[in-house]
Asks: 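I have a structure here, written as structure tokens, and I will follow up with some questions on it.
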Amino acid sequence: MYKPRRRRTADRISLASDTPEQAAAMVFSSPSSSATLSAVERGPSVSTMGRWPRPVTGFVLLLGAMWLSLYAAYALLPFVRPGSVVIAEAKFETLVQGKMFGLEDRNRVMIFGHSKLLSGLRPHDLDAAVGPGFRSYNLGLPGELRFLPVLEAALQAGNVPTHVLLTLPWDNKRNADGFIDVVRNDAAIANTVFPFRTVPRDAALFVFQNRGRLADAIRDVVSQRATMLADRGWYFIKSQSHYEGDRLPDDYALPTDHPTRPDVRMIPERSVSRARLEQLAKQYGFQVLFVPLFFRTGEFAPPPAADRARLEAISDRPLIRVLGPDYFVYPPAFFSDPQHMNPRGAQAYSIDLAKLLKMSGAFD
């Protein structure tokens, strides 16, 4: 009976001999201590905190792999893109990056516009009609009104023209885009960060439209691209031609036509694009000429007489000149669809434009 009492006494002696710090450690290390629960609830352990970078790193690597895969598909499958994109990229990345002019080319001409010009001007016909020493390029882009990016790319590649011909006026923006404008431009940001975002849709559409002839369809795209480059930018938009012989009926008309209203060519007097164009013209020594585009007969009224006061307000001789009427008019038989010309129309427009250029004296 005395041994248990001795053990309790020994226990008390042992507790008494412990230092205050050791006693405190024993209390707080007890699993049943409320302080221990409180410490656990206060935050995660060091080992738990050390594990969070792994899933985040894995997620980032997965996104990177997906981005690289889609970009590789974008780069390796250019033929699945819409035809307009193929043509635009070929002009921007290939045509103006190569050697465009030779030493024998006294008049070196670049002509800018949208898809109407793309289908309407044949440089070979224009050159032949103007005469020796004249070499031109059709730099019209489908669905695109801006011309400065392509012009600047050509100049940076060493392709310097003597004349820049515009078929469309520059925009009327008075101020350059600032940081806020860039941030708000969702389309530009998406094109830069995700240029491949339409690849799945384009690939599915390409396969569906060309099922049973995929190999032939790929060869067609490659051939059309090569032909456009050989024709110095001219491209017949046959995919939108739905009439026999690629010509509209003689009595063709649309409810949206305005046969009694002219389409006056409005050119803003002041613009950021004009200022940049003038800067480049002075730096590289080329002249800027506004030339007419074209419409179908009945699409608009015949072009009005030239407004000399308006032309003088925009002209800055010899840097900028406005030539000819606001537009030419051609019969429906020269068009393959309501807006774009067939090869016959392109030849006619090219010859008429050559006559206008020769009469202007700008190439003497």
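Note that the numbering runs from 1 along the sequence shown for the chain. Keep in mind it's a predicted model, so treat the numbers as computed, not measured.
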Asks: Do NZ/NE/NH1/NH2 and the carboxylate oxygens of Arg296 and Asp257 come within less than 4.0 Å?
Replies: yes
Asks: What about the rings of Tyr330 and Phe295, do their centers lie closer together than 6.0 Å?
Replies: no
Asks: In the hydrophobic cluster built from side-chain contacts under 4.5 Å, what are the other members alongside Val272?
Replies: none
Asks: Step by step, work out the salt bridge (charged side-chain N to carboxylate O under 4.0 Å, His left out) result for Arg344 and Asp246.
Replies: CA-CA 10 Å; Arg344 180 185 175 191; Asp246 298 318; over 6 Å; no
Asks: Do Trp170 and Phe290 pass the ring pair (Phe, Tyr, Trp, His ring centres under 6.0 Å) test, and can you show the C-alpha distance, the side-chain angles, and the key distance before you say yes or no?
Replies: CA-CA 10 Å; Trp170 46 63; Phe290 277 98; 5.1 Å; yes
Asks: Verify whether the ring centers belonging to Phe294 and Tyr349 lie closer than 6.0 Å.
Replies: yes
Asks: Can Glu152 and Arg276 be counted as an ion pair, charged N to O under 4.0 angstrom?
Replies: yes
Asks: What pairs with Ser115 under side chain to side chain donor-acceptor pair (under 3.5 Å), at least two apart in sequence or on another chain?
Replies: His340
Asks: Mind checking what makes salt bridge (charged side-chain N to carboxylate O under 4.0 Å, His left out) contact with Arg197, not counting sequence neighbours?
Replies: none
Asks: For the pair Phe286 and Leu151, evaluate side chain to side chain contact (heavy atoms under 4.5 Å, CB included) and give the outcome as yes or no after the intermediate values.
Replies: CA-CA 12 Å; Phe286 59 78; Leu151 175 59; 4.2 Å; yes
Asks: Taking Glu89 first and then Arg81, would you say they form a salt bridge - that is, a charged N and a carboxylate O separated by under 4.0 Å?
Replies: yes
Asks: Only counting residues at least two apart or in another chain, list the ones meeting side chain to side chain donor-acceptor pair (under 3.5 Å) with Asp216.
Replies: Arg219
Asks: Sort and list the pairs that fulfil ring pair (Phe, Tyr, Trp, His ring centres under 6.0 Å) and have at least one residue in residues 211-238, not counting sequence neighbours.
Replies: none
Asks: Report the residues that fulfil salt bridge (charged side-chain N to carboxylate O under 4.0 Å, His left out) with Arg232, sequence neighbours left out, ordered by chain and then residue number.
Replies: Asp127
Asks: Once rounded to the nearest 0.5 Å, what's the spacing between atom CG of Leu118 and atom CD1 of Ile111?
Replies: 12.5 Å
Asks: Less than 4.0 angstrom from a charged side-chain N to a carboxylate O is my criterion; do Glu278 and Arg274 meet it?
Replies: yes
Asks: Can you tell whether the side chains of Asp220 and Arg213 come within less than 4.0 Å, N to carboxylate O?
Replies: yes
Asks: Decide yes or no for Leu141 and Lys91: does some side-chain heavy atom of the first lie under 4.5 Å from some side-chain heavy atom of the second?
Replies: yes
